[in-house]
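For reference, the structure discussed in these notes is given below.
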Amino acid sequence: MDFLKPESVYNLANIREDLIRMEDTIIFNLIERSDFPTMPSIYDNESSEIKIPNFDGSFLDWIFQQQEIIESQVRRYQSPDQYPFYPKIIKESFLPTIKYPKVLANYFREININDEIKKIYITKMIPRVAKYDGEQGENYGSAATMDISVLQSLSRRIHFGMFVAEAKFQADRELYTKLIKNNDIDGIEKNITNSAVEEKILKRLIQKAKAYGTDPTADAQTASKVHPEAVVGIYKDWVIPLTKKVEVEYLLRRLEDKEF
Ligand SMILES: O=C(O)C(=O)C[C@]1(C(=O)O)C=C[C@@H](O)C=C1
């Protein structure tokens, strides 16, 4: 998909291809994070282990904010598939603004569920993938850096729901206009759901997590670096439902943009 070519954005097959590629990134990032224990201190705003001068937040917040400040200045958050976790602290870029053609409805920047993604990641996903429950003080920075990669890859995938939603809206304006006018959330959810696609994703993830997590040349069968069931569970319980949540949020407001 090319954001400079809007017609490529409204093609569901193109979008799904990108979603499949993102599976690889997410699995590899989870594999890297699974090399560390849970490390609760990283996420604790009042950690007795990690004291950050003049900062109100966790160690992860601190490092992630520094990264977003840098990345915002090289235009990361100008791209329609990138959403900041700390929108209040990001900066303008010194590079010229990229003039993306309009690819989503005019309120799309107001849809950002990164707080929810971060909370679920810390409280639910990390316990599923971490090596064990505990601390490893010498690796605070390494684990938090990996957290950022996982969170950014999850966020991109989940907010891609807006492109999926726009493609579906354009494919059947009449149906969605009716559902939106009736504020029929269940109806919208039913129509955006494709169970066959979801099943295919979950089956593929098991295979990929097994393949990416093991050494293909090892003589004896070795355990996967990440539990394939954990990856599938993360998708089934959160990644797909949150993508759908973004789709529904986007569609519910879709009639606000009358020109599009
Ligand atoms: O591919 C789609 O049609 C989507 O809406 C995306 C997605 C997903 O998150 O992967 C979500 C809902 C559908 O049931 C199938 C897949």
Side-chain angles (χ1 to χ4, degrees), residues 1-3 6-30 80-83 103-105 107-108 111-121 124-125 128-129 150-180 184-209 211-212 226 228-254 260:
M1 172 192 310
D2 179 348
F3 293 126
E7 62 289 357
S8 72
V9 178
Y10 309 131
N11 178 327
L12 201 48
N14 278 351
I15 300 171
R16 287 189 179 139
E17 232 172 72
D18 280 10
L19 292 177
I20 292 171
R21 280 184 66 112
M22 285 182 230
E23 291 167 3
D24 304 348
T25 315
I26 291 170
I27 295 170
F28 280 117
N29 286 336
L30 288 172
D81 60 344
Q82 297 293 336
Y83 296 81
V103 286
L104 290 170
Y107 52 83
F108 79 101
I111 296 178
N112 181 334
I113 64 161
N114 280 336
D115 279 346
E116 188 176 354
I117 295 173
K118 180 153 77 84
K119 189 160 170 233
I120 291 174
Y121 172 69
K124 312 271 192 204
M125 299 189 198
R128 285 205 190 175
V129 296
V150 181
L151 283 166
Q152 287 182 327
S153 56
L154 289 172
S155 171
R156 177 165 183 252
R157 198 286 177 196
I158 290 165
H159 288 96
F160 239 66
M162 285 193 254
F163 300 116
V164 181
E166 185 56 39
K168 288 179 179 173
F169 180 81
Q170 295 203 4
D172 199 340
R173 278 178 185 264
E174 206 180 317
L175 167 75
Y176 284 103
T177 300
K178 196 167 137 224
L179 293 168
I180 297 162
D184 184 353
I185 298 174
D186 289 345
I188 294 175
E189 211 176 306
K190 200 168 138 252
N191 276 283
I192 58 158
T193 297
N194 185 327
S195 306
V197 169
E198 290 187 25
E199 270 169 42
K200 223 167 148 185
I201 292 170
L202 300 178
K203 277 200 186 131
R204 192 172 49 240
L205 283 169
I206 282 271
Q207 303 284 341
K208 282 186 174 180
Y212 302 166
V226 66
E229 301 74 26
V231 174
V232 173
I234 284 171
Y235 258 75
K236 187 163 181 278
D237 294 344
W238 300 300
V239 176
I240 295 174
L242 289 172
T243 304
K244 287 201 224 182
K245 181 178 174 161
V246 166
E247 288 186 46
V248 173
E249 274 193 30
Y250 178 86
L251 285 168
L252 278 174
R253 293 182 60 180
R254 186 56 182 79
F260 189 41

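Note that ligands are numbered from 1 as they come in the structure, with each ligand's atoms numbered from 1 the same way.
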Show me which atoms of ligand 1 lie under 4.0 Å from any heavy atom of [X].
X: Ile192; result: 5 (O), 12 (C), 13 (C), 14 (O)
X: Asn194; result: 13 (C), 14 (O), 15 (C)
X: Thr243; result: 9 (O)
X: Lys168; result: 2 (C), 3 (O), 4 (C), 5 (O)

Mode of [X] contact toward ligand 1 - side chain, backbone, both, neither (heavy atoms, under 4.0 Å):
X: Ile240; value: both
X: Ile201; value: side chain
X: Arg157; value: side chain

>> Would the distance check show the side chain of Tyr10 and the main-chain N or O of Val103 forming a donor-acceptor pair, the cut-off being under 3.5 Å?
In response: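 Present.
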>> As an exercise, state the distance from CD of Glu247 to CZ of Phe163, rounded to the nearest 0.5 Å.
In response: 12.0 Å
>> Looking only at the aromatic ring of each residue, does the gap between the centers of Tyr107 and Tyr250 stay below 6.0 angstrom?
In response: yes
>> Does atom CG (Asp2) have a neighbourhood of more than 12 heavy atoms from anything else shown, all under 6.0 Å?
In response: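 Yes, because the 6.0 Å sphere around CG of Asp2 holds more than 12 heavy atoms from other groups.
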>> Does atom CD (Glu7) have a neighbourhood of more than 12 heavy atoms from anything else shown, all under 6.0 Å?
In response: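 Enclosed.
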> Do the charged groups of Glu198 and Lys244 touch, with an N to O distance under 4.0 Å?
Replying inline: yes
>> Quick test of your reading of the model: are Arg128 and Asp237 salt-bridged, counting only N-O distances below 4.0 Å?
In response: yes
In terms of residue, atom name and distance, what is the protein heavy atom nearest to [atom]?
atom: atom 1 (O) of ligand 1; result: Arg16 NE, 2.7 Å
atom: atom 7 (C) of ligand 1; result: Glu247 OE2, 4.4 Å
atom: atom 16 (C) of ligand 1; result: Val197 CG1, 3.9 Å

> Can you find an N/O atom of Thr193 closer than 3.5 Å to an N/O atom of ligand 1?
Replying inline: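 It does not: no N or O of Thr193 is found under 3.5 Å from an N or O of ligand 1.
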> Can an N or O of Glu198 be found at a distance shorter than 3.5 Å from an N or O of ligand 1?
Replying inline: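 In this structure, Glu198 places an N or O atom under 3.5 Å from an N or O of ligand 1.
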> Where do Val232 and Lys203 land on the side-chain contact (heavy atoms from CB on, under 4.5 Å) test, with the steps shown first?
Replying inline: CA-CA 8 Å; Val232 173; Lys203 277 200 186 131; over 6 Å; no
